[in-house]
Amino acid sequence: MDKTFISCKNLKKSFYIKNKTLNVLNDISFDIEKGKTASIVGESGSGKSTIANIIANLLKPTSGRVFFENLSIFDKTRIFRKNIQMIFQDPYLSLNPKMRVLDIILEPLKIHEKFSKEKLLKKADDILQKVNLSNAIKNRFPHQLSGGQRQRVAIARAIILNPKFIILDEPLSSLDVTIGAGIINLLIDLQKNLGLTYLFISHDLKVVKYISDYVSVIYMGKFLEKALTKKLFSTPLHPYTQALIQSSFTFRKNQTKILLNSEIPSLLNPPKGCLFSTRCPFAKKICFNNRPELKEIEKDHFVACHLVKTSLTSLGSSKTTSSSL
Ligand SMILES: Nc1ncnc2c1ncn2[C@@H]1O[C@H](COP(=O)(O)OP(=O)(O)OP(=O)(O)O)[C@@H](O)[C@H]1O
Ligand code: SF4
Ligand SMILES: [Mg+2]
């Protein structure tokens with residue numbers, strides 16, 4: 001049986017600025033199974049929010065399709081408005097500052113359903129309880145809440161219509177670590193209790209490792225590596241993934257240190273060959289001339305690198321030998 005719940009097929013997005021083309025997404029494809037969490041990680045400007053906005057139907061792709069339970073989301077937009085919700089980086093910006101919490105969380109329900117006033121108030125109480133907020137905040141405005149409370153209100157508003165899929169675009173980046181940990185645990189509980197499926201976008205690999213079932217690594221609008229979370233963190237094969245992991249976790253002695261201290265090239269003038277070639281310590285002649293495609297190196301582990309042929313050729317680890325390169 002095909003377990004695919006959300007499927008993105010060959011997404012491309014270009015912007016046109018002063019007669020120049022900015023190819024922001026380059027053939028992005030991935031699937032998410034029901035009840036699972038897929039994460040996308042990458043540096044700033046790599047295209048993460050562009051993917052999120054396309055799936056949330058806030059932005060049209062230049063080409064490519066997105067399917068929700070095998071239906072194209074661009075064809076039946078009304079169904080998806082209820083079933084696909086998005087939580088943004090900064091809840092302060094995503095919540096209307098002139099509305100009280102009660103009205104903020106009930107607004108989607110008022111648009112999509114017809115309930116009596118009593119039923120609405122009951123729904124509000126239930127949903128506040130689900131996100132561990134006290135009823136006492138119902139009459140407050142967003143500026144009267146802490147950052148963590150604001151993000152919980154944003155989550156309450158997102159789940160009040162019983163969506164099936166939630167896109168979380170850097171939901172923790174405006175919060176401190178302890179508050180962020182509380183939000184992550186809430187998201188995990190909600191997923192278990194409500195059967196939610198998540199697309200989680202972040203540059204924080206520690207959180208990604210904790211919450212995800214599978215991870216895609218994006219660089220300049222292209223996936224460079226895609227794998228089950230356990231596999232990606234135990235055997236990262238792409239030098240860029242290795243660099244990201246090294247910068248977030250304790251560095252292992254038997255690895256080649258890969259520094260990300262040089263600039264990401266401009267999307268207006270991308271490298272002709274491998275997009276990572278200007279920063280890669282392993283780059284060879286072929287890397288500067290030909291762009292490697294994302295290939296399945298072993299089951300469910302995809303890598304876009306000319307020099308990685310099998311998991312034994314993990315560049316930068318002790319397993320690497322000069323003959324394997
Ligand atoms: N409307 C637009 N017009 C022109 N360029 C855009 C537009 N929206 C995004 N971009 C460009 O597309 C690229 C990807 O942007 P995006 O916001 O998807 O990155 P991101 O990975 O989410 O970054 P961050 O981690 O900073 O949120 C960036 O170079 C950005 O400047
Ligand atoms: S293709 Fe070449 S430049 Fe690109 S990541 Fe692999 S080794 Fe580095
Ligand atoms: Mg973003």
Side-chain angles (χ1 to χ4, degrees), residues 11-26 28 39-56 58-62 86-90 93-94 167-174 199-205 207-208 216-225 236-244 256 258-260 262-295 297 302-310 313-317 320 322 324-325:
L11 289 183
K12 292 189 181 173
K13 179 69 189 172
S14 304
F15 293 107
Y16 304 96
I17 303 170
K18 292 185 190 159
N19 298 330
K20 291 200 167 168
T21 306
L22 205 64
N23 293 319
V24 168
L25 293 184
N26 190 346
I28 294 292
S39 287
I40 300 179
V41 292
E43 288 165 285
S44 184
S46 54
K48 303 180 297 295
S49 296
T50 306
I51 298 174
N53 290 333
I54 289 173
I55 302 174
L58 301 173
L59 189 68
K60 287 266 167 278
T62 305
M86 185 152 164
I87 291 171
F88 297 89
Q89 173 171 354
D90 189 344
L93 297 178
S94 64
I167 303 165
L168 299 136
D169 188 358
E170 305 264 10
L172 312 179
S173 52
S174 64
L199 175 63
F200 188 82
I201 288 174
S202 181
H203 56 263
D204 184 336
L205 268 78
V207 177
V208 163
S216 302
V217 179
I218 190 169
Y219 186 78
M220 296 183 74
K222 187 172 163 58
F223 283 163
L224 297 187
E225 186 158 4
L237 296 178
H238 198 284
Y240 180 58
T241 314
Q242 292 172 1
L244 291 179
T256 305
I258 305 171
L259 296 171
L260 288 176
S262 56
E263 291 285 313
I264 303 176
S266 163
L267 283 172
L268 287 170
N269 189 19
K272 179 174 158 233
C274 171
L275 292 169
F276 191 56
S277 55
T278 56
R279 299 167 95 190
C280 180
F282 308 106
K284 302 267 181 285
K285 198 171 166 200
I286 183 178
C287 306
F288 296 104
N289 295 320
N290 297 326
R291 184 148 320 155
E293 284 310 315
L294 194 66
K295 281 198 201 132
I297 298 291
F302 298 80
V303 185
C305 173
H306 289 303
L307 307 189
V308 175
K309 308 282 187 227
T310 69
T313 56
S314 170
L315 302 180
S317 83
T320 306
S322 52
S324 69
L325 302 183

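First listed ligand is number 1; within each ligand, the first listed atom is number 1. Just so you know, these numbers use all the heavy atoms, side chains as well, and skip hydrogens, waters and symmetry mates.
With ligand atoms numbered from 1 in the order given, ligand 2 contributes 3 (S) to contacts under 4.0 Å with heavy atoms of Ser277. For ligand 2, the atoms lying closer than 4.0 Å to a non-hydrogen atom of Pro239 are 5 (S). For ligand 2, the atoms closer than 4.0 angstrom to any heavy atom of His238 are 5 (S). Here is the list of ligand 2 atoms found below 4.0 Å of a heavy atom in Leu307: 7 (S).
Counting backbone and side-chain atoms alike, Cys274 contributes no N/O/S atom closer than 2.8 Å to atom 8 (Fe) of ligand 2.
A heavy-atom separation below 4.0 Å is not found between Lys284 and ligand 2.
With sequence neighbours left out, Phe200 forms a ring pair (Phe, Tyr, Trp, His ring centres under 6.0 Å) with no residue at all. With sequence neighbours excluded, the residues forming a side chain to side chain contact (heavy atoms under 4.5 Å, CB included) with Ser49 are Asn53, Asp169, listed by chain and number.
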Ligand 1 N/O to protein N/O, distances under 3.5 Å:
from     : atom 1 : to    : atom 2 : distance (Å)
ligand 1 : 18 (O) : Ser49 : N      : 3.4
ligand 1 : 18 (O) : Thr50 : N      : 2.9
ligand 1 : 18 (O) : Thr50 : OG1    : 2.5
ligand 1 : 19 (O) : Gly47 : N      : 3.4
ligand 1 : 21 (O) : Ser46 : N      : 3.1
ligand 1 : 21 (O) : Ser46 : OG     : 3.4
ligand 1 : 21 (O) : Gly47 : N      : 3.0
ligand 1 : 21 (O) : Lys48 : N      : 3.0
ligand 1 : 21 (O) : Lys48 : NZ     : 2.9
ligand 1 : 22 (O) : Ser49 : N      : 2.9
ligand 1 : 22 (O) : Ser49 : OG     : 2.9
ligand 1 : 23 (O) : Gly45 : N      : 2.8
ligand 1 : 25 (O) : Lys48 : NZ     : 2.8
ligand 1 : 26 (O) : Ser44 : OG     : 2.5

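Compare Cys287, Cys280, Gly273 by their heavy atoms: the one nearest to atom 2 (Fe) of ligand 2 is in Cys287.
Across all non-hydrogen atoms, the minimal contact from Asn23 to Leu267 is O-CD2, 3.6 Å.
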Side-chain donor-acceptor pairs of residues 274-282 under 3.5 Å, sequence neighbours excluded:
from   : atom 1 : to     : atom 2 : distance (Å)
Ser277 : OG     : Cys274 : O      : 2.7
Arg279 : NE     : Ser262 : O      : 3.0
Arg279 : NH1    : Glu43  : OE1    : 3.0
Arg279 : NH1    : Tyr219 : OH     : 3.2
Arg279 : NH2    : Glu43  : OE2    : 3.2
Arg279 : NH2    : Leu260 : O      : 3.3
Arg279 : NH2    : Ser262 : O      : 3.0

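Between the Lys12 side chain and the Pro61 main chain, no donor and acceptor come within less than 3.5 Å of each other. Listed for the Ser14 side chain is no donor-acceptor partner under 3.5 Å among the backbone atoms of Thr21. A donor-acceptor distance shorter than 3.5 angstrom exists from the side chain of Lys48 to the backbone of Gly42, with no hydrogens or angles considered.
A heavy-atom distance below 4.5 Å is not found between the side chains of Leu172 and Asp204. For the pair Arg291/Asn26, a side-chain contact is recorded, criterion being any heavy-atom separation below 4.5 Å from C-beta on.
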